Amino acid sequence: MSKSLQTKHRATKEQRGHYLLRLFMAGNGLNSQKALANLRNLCEEHLNGHCTIETVDVVKDFQAAVRDNILVTPALILVSPRPRVMILGNLSDSPKVLAALRLSGRKS
Amino acid sequence: MHGKSRAIPKVPTQITGLDEILEGGLPQGRTSLACGGPGSGKTVLGLEFLCRGAMAGDPGVFVTFEERAEAVRMNAMSMGWDLAALEKARKIAIVEARLSGDEVLSGDFDIQGLLTIVGGHATRIRARRVVMDALDVLLRVYGDLQRERNELSRLHNWLIDRGLTSVLSVKSHRDGGDGSQYEFLDFMADCVIRLDHRVLGQVATRRLRVIKYRGSGFGTNEYPYVISERGIVLFPLTHSELTHKPLGAKISSGLAGLDAMLEGGFRRSSCILIAGSSGTGKTTLACAYIRAACRRGEKVLCLNFEESKEALISGMLSAGIDLRPSVRARKLLVQTSLPESMGSDGHLIRAMEAIDSFKPDHLILDAMSACTRMGSEQAAFDYLMRLVAVVKERGITCIMTNQSLAGNYEELSGIGFSSVVDAVIQLRFVDAGQEIGRQILVIKSRGSAHSNRREPFYITDQGIEFPNNLRPPSARAGTANSKDGGI
């Protein structure tokens, strides 16, 4: 009981912060489109829009992929708040994505 | 049917010996696979392919999934390849494609990012070669064979679409299955090379085998290789036909008496065996030959497994043979080593390097019998057969001494060796009442008449002396010439 309370408490705190998310996509690939759609939903439902989504098309900008060592796409980096997290895939498994973004336990 | 028009284009690897096995090199614009266990040299093979290409002006991208770029640079430097300089010259790009391991996986993904990075670098330096080292490490992220397969297929197609000649290295089964752990990769690749690292007779040995080569012939044996300070070195005996030089003109054995028994001397480019028990004068006989060759201005390489150069030279002084002028004139090079100091592959490399740089007309090996101490009878046989093959290809005259106790011919000719031996000289002790005498016999001298008599000889402080006034057997009445030594 106390654990879930704690989680809730932390999530509430982080809600105040603004989320900066960088999504690496590969052109108009199906998985990339899915990832973007999933990420937009997630922002609306869990962050009330308190987030900025940067998209990078690695096909157009290979140096960006080099900079962040993006080997697979789609890939999402939580730039802030720290610590930085990297999630690989089309983000279809939302409980896992929420946990990784430290948003678990937040009401949708 | 297999005319030149059908030959597939190839890219030479310039790895010593490998192109002979691959009949020219790796398939151009196609994918090759190098599989092997840890320490088998997969990385070195890829690295060498790339570096030798880059140094010859053919740029390439090295993708490392396991090691850090800095470790790759150091590894290359230990073999004399300056990656940093090649990177600066835009001849090589290193891509460190390592996942940190704490990424969270959610849903489907693909390796488009990697392809983009590799493609970007390839475009930047105009690469035509790509090496992907430890590809299996990246594939692990999928944890699903079907997905791994899809991604490999995508990678393979991408490489081919771009016309890149590529080498992918993956770990092979620990229990030594034939191909890589990704069987489908074996089917996909046009050329599959397996590297094997095993211990035989307490000596580490490495073997390379080409498992398949689509559209091309290749050497099908297992080939020993070593990783030396100049990269991978292989010794293929790939030619099914013997390319030995024909035996040449007669040359003096250095001893008038023996020349008479041989009807003029040994044949040039022949392989001569001097057999006898310890102390019968095998090395002395060989040194008389060395001195004569050096006096003619020819070069002699002496591989000695029995004693040091100093011991050899001072020992010969007491038998009236002074080799010091030959050494000073750089006509004689003595290379000594303990047979146990390395495996037969290592010894072969050392001998090959000396042959390549010194370019001798004659090679002396003292003694064959010591070679079994390189590990095993088989190791000695491999070493000697390969050495003789090289020597015969280059027309170098070769004398090997072999210590044998009994007089039977099988033992004299040494470990199943008789077919490559052109002449056999046997030395032995004879009990002559109050003293022990020595006798010499020509058992065989291919392509030449020879005496079939045992002749006494002495080793004095003036050298080897024959008490009988020997004349060639053909000049002697009543002695039938025998072409093939009837004893």
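Computed from a predicted model, the values in this text were never measured in an experiment. No hydrogens, no waters, no symmetry mates; every other heavy atom, side chains included, goes into these values. Residue numbers begin at 1 in each chain, while the letters A, B, ... track the order of the sequences.
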Report task. Ignoring hydrogens and angles, state whether a donor on the side chain of A:Thr73 or B:Asp110 is under 3.5 Å from an acceptor on the partner side chain. Result -> yes

Query raised in the report: So, for B:Val104 and A:Ala100, which heavy atoms are closest and what is the spacing to 0.1 Å?
Result: CG2-CB, 3.7 Å

Query raised in the report: What's the shortest heavy-atom distance between A:Ser92 and B:Ser106, and which atoms?
Result: N-OG, 3.6 Å

Output yes when a side-chain donor or acceptor of [X] lies under 3.5 Å from a complementary backbone atom of [Y], and no otherwise.
X        : Y        : value
A:Asn69  : B:Leu99  : no
A:Lys96  : B:Leu105 : yes
B:Thr116 : A:Phe62  : no

Report summary line: Assert top hit (heavy-atom pairs under 4.5 Å, partner chain A, pool B:Val141, B:Asp102, B:Leu115, B:Leu114) equals B:Leu114

Which one of [options] has the most heavy-atom pairs closer than 4.5 Å to chain B?
options                            : result
A:Asp93, A:Leu30, A:Leu88          : A:Leu88
A:Pro74, A:Ala99, A:Ser32          : A:Pro74
A:Val97, A:Val72, A:Ile87, A:Leu71 : A:Leu71

Query raised in the report: Measuring heavy-atom distances to chain B, does A:Asn90 have an atom under 4.5 Å in its side chain, in its backbone, in both, or in neither?
Result: both

Requested in this report: Under the side-chain contact (heavy atoms from CB on, under 4.5 Å) rule, what do B:Gln112 and A:Val59 come out as? Steps first, then yes or no, please.
Outcome: CA-CA 8 Å; B:Gln112 187 59 47; A:Val59 177; 4.2 Å; yes

Query raised in the report: Contact part of B:Glu96 toward chain A, heavy-atom cut-off under 4.5 Å: side chain, backbone, both or neither?
Result: backbone

